[in-house]
Participant: 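Starting off with a structure, shown below.
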Amino acid sequence: MAFGFNLGLALLLSVCLCTKCGQIPNELHHMECHDRFFVIDVDLSLTGDVPHFEAVVGTGVYPITEQYAAVCGYSVSVFPLQGHVELRASYFSCHTDNIDDEVFKFHFNLVANHDGKEVTYALNKTCSPTLPWSPKEVTCEMNYMEVSVRSDVTCPTGTKQDDWNAAVQTAYTLATSDWQVIFQRGEEQLMPMNLSDARKQGYAFDLTERRLVFRTPYGQPDSFSIEVNDVPVEVVHATLFSRQSWVVLLVDLVAACSMYEGSYDGGYMVWKTPELLNPLVSEVHDNTQVNIGVNGELVEQPVEERGYVIEKHNATVEIHIPYNAEGGHKKSLVIGDLYEYYIFELYLEQISVDEDHVDTRLRFHRTLATPLLPHPVFTENRTIHDEHVFTVYLGDVPEDVALTAVALNGHTFTAPFTNASGYNIAKVVHPNNTHGYTLTVPFDDPVVVQQFSKENAAMKHMLVINYTLTVLPDDGSYYHQTSVMALTDASPPEFEAVCSEFGISFKLDHRPYDYLWYIGIGSDRLTPQLAAQHNYSMSNDSQSLLLSVPLYTHGYEYKDISLKGFLGTFEILVRDHETSEVQRSTIKTCPFTPTEFIMCSTDGRMTVMADLSSSIPRGEIPARSNLVNKYCGPKEVDDTRALFTFPLNSCGSTVKLGKDSVTYENEIFFSKKFQSDSSNVVAGYKSSTAVLSLLTEL
């Protein structure tokens, strides 16, 4: 059968072929041969947002526009979720070098825009499909229908007899030696047109070594839509004919595709196609075989393992794909709340056998999508109380959503998080393509609000957390708020105390809730004025309180006094701020070993340890010393020192009243052995004003 066509489409022909083409890095593109089509996959980082392909043949370079792609057997899809663009070319596409329907050579250019400059990359591939061609094959692409039949199939297979008879009668009446085409739209038979006019309307015909190919975009004027079992189907029915001498040659070409857009039911994306795509076949003898794939590749493993469900109801094949099935992709977006939708590139093969035992293979490329599905994130309080650290987990965050800011009680921190302000944020990745964030904040961090709870008699730590989640790359922000609270024992503060040679030092590290108490020395509140009055050394800042109490100052108690030294005890009281009740006390006792001292005790006694080595003759001992009252001798002596202890108003003490103090005076005398004249006065001691001030208070 002599049959040949020159497509002769109106094309924009480039001035020249690509003589200087760039080299695409292997990691940024992928080319693969499938059973019935060739795929080029290129990373969007290389192509830019508006990718552009060209078909290359010896006669020139042909830009693949949207309209041209549907006519010539190309499908270009941009997948922003996955970050790549895909060109899918039929083996019978316009500019493919077809060798005996066994070897197909493709030559394309990719035109990318880099910083305003166009760069062209050559993409070439040779494919040899291993799957034998069926007598009749139909491809329902995203943007066109294509049917090819074996050129030796002469009988009207799969066509209703009435339709065929009508076409034959018209062909015999109007046939010429030039090839013509009759389109039938349902029961309406249109007038024949020559192939030149058909090509102008966007139809493509081609005769290869062994097959006749017919291709048409969807929605052509001569196609028609019907419903088969409530499923919309688009059909195009073309009959080619030509008179060769006394014989009229007729070729019947029918393509029918399910136009079901898909639905969503109970967590499954659903797609339907009639088992009989009327009028493609009038009767099917054997059961229809259905194979499912994704992204242009049939699944080899049992579909049940992937959760796919294939059902037949009333001669309709229903495909159920789990919304989160392997091979699908999802996208998050914010419309008040956080939502997501899933996209699945369904590839379906449907094999049927008609009444003439001729098998037909139909292949569908369809994009299924779920409606917007709520995707709530959650927070979980994982705080371990004994660690005194808030631990809050934010979970089920989609992979295309990132935490860009977090506000802690109104204090906002933005990504990248430095974790330098006391808080810490750690990302946790999960195998189910979600991730989470673990936030830790110490109870005593400045951002934590702390209040005393009288109801619980404890300190309440409160943290309000506001997460800012941003859909990548920049598709809006979603805010998720939670709050956590913890109670800790609000124990009164406790000082650290250290002994020194000259007194005792106290230190208190401030806590946020120390305002619940005040510090006292005896019955007095510790203030800077009180410290100055008693010669204490005090410093108080936002971090700590330091108090140094010199020996012999107000507040000391002494015991175990001897020539070896004594024990000095100082007590600091912590009182309730409202009731003044003592809640805690810090008592520090330290050993002191001075060589001389004068002290007054709270029981009204004066204790004196005097070194007499410079005041008595050599060889004499302090045991022969006494106070003004000669009957008041030392309590304890050694070779050089004497220890006296006596009531203030005894042993001959004199009293002098001052404005703010009382001074008690006494003297120490020493008597030589066998000396007849009066004893010599060894020393006179006056107790210090500070000590006497204590006595005045007593």
Participant: Just so I know, are the side chains of Cys127 and Phe106 near enough to count as touching, which here means a heavy-atom distance under 4.5 Å?
Facilitator: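 Yes - at least one pair of side-chain heavy atoms lies under 4.5 Å apart.
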Participant: Among Phe205, Tyr144, Phe38, Trp133, whose ring pair (Phe, Tyr, Trp, His ring centres under 6.0 Å) with Phe92 holds?
Facilitator: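 Going through Phe205, Tyr144, Phe38, Trp133 one by one, the ring pair (Phe, Tyr, Trp, His ring centres under 6.0 Å) with Phe92 is satisfied by Trp133 alone.
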Participant: For Ser225 and Glu234, does a side-chain donor sit closer than 3.5 Å to a side-chain acceptor?
Facilitator: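 No - no donor-acceptor pair under 3.5 Å links their side chains.
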Participant: Within the 4.5 Å heavy-atom criterion, are His237 and Thr239 side-chain neighbours or not?
Facilitator: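 Yes, their side chains come closer than 4.5 Å.
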Participant: How far apart are the C-alpha atoms of Cys94 and Arg215, what are their side-chain angles, what is the distance that settles it, and do they pass the side chain to side chain contact (heavy atoms under 4.5 Å, CB included) test?
Facilitator: CA-CA 10 Å; Cys94 289; Arg215 185 169 46 251; 3.8 Å; yes
Participant: Quick one: do Leu348 and Asn291 satisfy side chain to side chain contact (heavy atoms under 4.5 Å, CB included)? Show the steps, please.
Facilitator: CA-CA 6 Å; Leu348 183 75; Asn291 301 312; over 6 Å; no
Participant: Could you give me the CA-CA distance, side-chain angles and deciding distance for Ser134 and Asp359, then say whether side chain to side chain donor-acceptor pair (under 3.5 Å) is met?
Facilitator: CA-CA 7 Å; Ser134 297; Asp359 66 305; 3.3 Å; yes
Participant: Taking atom types as modelled and ignoring hydrogens, do the side chains of Thr96 and Ser93 form a donor-acceptor contact shorter than 3.5 angstrom?
Facilitator: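 Distance-only check passes for Thr96 and Ser93.
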Participant: Can you give me the closest heavy-atom contact between Val138 and Val254, atom names plus distance?
Facilitator: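 In this case the closest contact between Val138 and Val254 is CG2-O, 4.2 Å.
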Participant: Provide the closest heavy-atom pair for Val290 versus Ile310 in the form atom of the first, atom of the second, distance.
Facilitator: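 Scanning both residues completely, I find the closest heavy atoms to be O-CD1, 4.2 Å.
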Participant: Please round to the nearest 0.5 Å and tell me the distance separating atom OG1 of Thr367 and atom CE of Met269.
Facilitator: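 The CE atom of Met269 is 10.5 Å from OG1 of Thr367, to the nearest 0.5 Å.
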Participant: Could you state the interatomic distance from CE (Met145) to CG (Leu362), rounded to the nearest 0.5 Å?
Facilitator: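 Rounded to the nearest 0.5 Å, the CE-CG separation comes out at 11.5 Å.
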Participant: Please determine whether side chain to side chain contact (heavy atoms under 4.5 Å, CB included) holds for the pair Asn98 and Val103, giving the CA-CA distance in whole Å, both sets of side-chain angles, and the decisive distance to 0.1 Å.
Facilitator: CA-CA 6 Å; Asn98 182 348; Val103 177; over 6 Å; no
Participant: Within the side chain of Thr370, is there an N or O that forms a donor-acceptor pair under 3.5 Å with the backbone of Tyr342?
Facilitator: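 Checked: pair present.
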Participant: Closest heavy-atom contact between Val231 and Thr273?
Facilitator: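 The answer is CG1-CA, 4.5 Å.
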Participant: With a 3.5 Å distance limit and no angle check, can you tell me whether Glu32 reaches the backbone of Ile40 through a side-chain donor-acceptor pair?
Facilitator: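 Absent.
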Participant: Do Ile321 and Tyr268 have side-chain heavy atoms sitting under 4.5 Å apart?
Facilitator: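 A side-chain contact under 4.5 Å is absent here.
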Participant: If you round to the nearest 0.5 Å, how far is CG of Asp100 from CD of Glu209?
Facilitator: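 Glu209 atom CD to Asp100 atom CG measures 5.0 Å (nearest 0.5 Å).
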Participant: Looking only at heavy atoms, what is the nearest atom pair of Ser258 and Arg366, with distance?
Facilitator: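 Distance-wise, the nearest heavy atoms are O-NH2, 3.1 Å.
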Participant: Are more than 12 heavy atoms from other residues, nucleotides or ligands located less than 6.0 Å from atom CD of Glu311?
Facilitator: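 Atom CD in Glu311 is packed in, count exceeds 12.
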Participant: Counting only heavy atoms not in Asn432 (residues, nucleotides, ligands), do more than 12 fall under 6.0 Å from its CG?
Facilitator: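 Yes.
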Participant: Atom CG in Leu249, atom OG in Ser242: separation rounded to 0.5 Å?
Facilitator: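 Leu249 CG to Ser242 OG: 6.0 Å, rounded to 0.5 Å.
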Participant: With a 4.5 Å limit on heavy-atom distance, are the side chains of Val78 and Pro51 in contact?
Facilitator: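 Heavy-atom side-chain distance check passes, below 4.5 Å.
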Participant: Roughly how far, to the nearest 0.5 Å, is CG of Leu87 from CG of Leu110?
Facilitator: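 It is 9.5 Å, given to the nearest 0.5 Å.
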Participant: For Thr139 and Arg363, does a side-chain donor sit closer than 3.5 Å to a side-chain acceptor?
Facilitator: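 Distance-only check fails for Thr139 and Arg363.
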Participant: Does any part of the side chain of Arg361, heavy atoms only, come nearer than 4.5 Å to the side chain of Glu349, both counted from C-beta?
Facilitator: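 Yes, their side chains come closer than 4.5 Å.
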Participant: For a quick test of reading the model, state the closest non-hydrogen atom pair linking Gly327 to Val294 and the distance between them.
Facilitator: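 Smallest heavy-atom distance, with atoms named: O-CG2, 3.9 Å.
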Participant: Ignoring hydrogens and geometry, is there a side-chain-to-backbone donor-acceptor pair from His34 to Gly296 under 3.5 Å?
Facilitator: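 Looks like yes, one N/O pair under 3.5 Å.
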Participant: Are the ring centres of Tyr347 and His365 closer than 6.0 Å?
Facilitator: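 Between Tyr347 and His365, the centre distance is under 6.0 Å.
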Participant: With a 4.5 Å limit on heavy-atom distance, are the side chains of Leu338 and Pro398 in contact?
Facilitator: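 A side-chain contact exists here, since the closest heavy-atom pair is under 4.5 Å.
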Participant: Can you name the nearest heavy-atom pair linking Arg210 to Asp101, along with the distance?
Facilitator: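 Looking at all heavy atoms of both residues, the closest pair is N-OD2, 3.1 Å.
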Participant: Using a cut-off of 6.0 Å, state whether more than 12 heavy atoms not belonging to Glu66 lie near its atom CD.
Facilitator: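 Result for CD/Glu66: open.
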Participant: For the rings on Tyr308 and Trp271, is their centre-to-centre separation under 6.0 Å?
Facilitator: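 No.
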Participant: Does a side-chain heavy-atom distance below 4.5 Å link Leu195 with Leu240?
Facilitator: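 A side-chain contact under 4.5 Å exists here.
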Participant: If only atom types and distance count, is the side chain of His435 paired as donor or acceptor with the main-chain N or O of Val401 below 3.5 Å?
Facilitator: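 The answer is yes, because a donor-acceptor pair under 3.5 Å joins these two groups.
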Participant: If you count the non-hydrogen atoms of other residues, nucleotides and ligands that lie under 6.0 Å from CD in Glu102, is the total more than 12?
Facilitator: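 Yes, the 6.0 Å shell around CD holds more than 12 heavy atoms from other groups.
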Participant: Are Glu137 and Arg36 within salt-bridge range, i.e. N to O under 4.0 Å?
Facilitator: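 Here Glu137 pairs with Arg36 in a salt bridge, since their nearest N and O are under 4.0 Å apart.
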Participant: Verify whether the ring centers belonging to His95 and Tyr62 lie closer than 6.0 Å.
Facilitator: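 Yes - the distance between ring centres of His95 and Tyr62 falls below the 6.0 Å cut-off.
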Participant: Side chains of Thr316 and Asn314: do they bring a donor and an acceptor to under 3.5 Å?
Facilitator: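 Side chains of Thr316 and Asn314: no pair found under 3.5 Å.
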Participant: Restricting to side-chain contact (heavy atoms from CB on, under 4.5 Å), what partner residues turn up for Asn26, sequence neighbours left out?
Facilitator: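 With neighbours one apart ignored, the set is His29.
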Participant: Quick one: are Glu54 and Val111 in side-chain contact, heavy atoms under 4.5 Å?
Facilitator: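 Glu54 reaches Val111 side chain to side chain.
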Participant: Take atom CD in Glu118; do more than 12 heavy atoms of anything else shown fall under 6.0 Å from it?
Facilitator: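 No, the 6.0 Å shell around CD holds no more than 12 heavy atoms from other groups.
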Participant: When the aromatic ring centroids of Tyr203 and Phe183 are compared, is their separation below 6.0 Å?
Facilitator: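 Here the rings of Phe183 and Tyr203 have centres that are less than 6.0 Å from each other.
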Participant: Dump the intermediate steps for side chain to side chain contact (heavy atoms under 4.5 Å, CB included) on Met193 and Val181, then the final yes or no.
Facilitator: CA-CA 6 Å; Met193 69 176 75; Val181 60; 3.6 Å; yes
Participant: Kindly compute the distance separating NE2 (His84) from OG (Ser77), expressed to the nearest 0.5 Å.
Facilitator: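 Result: 9.5 Å between the selected atoms.
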Participant: Ion pair present between Glu141 and Arg88, side-chain N to carboxylate O less than 4.0 angstrom?
Facilitator: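 Counted as a salt bridge, because a side-chain N and a carboxylate O are separated by less than 4.0 Å.
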Participant: Does Phe108 have its ring centroid less than 6.0 Å away from the ring centroid of Tyr74?
Facilitator: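 Under 6.0 Å, so yes.
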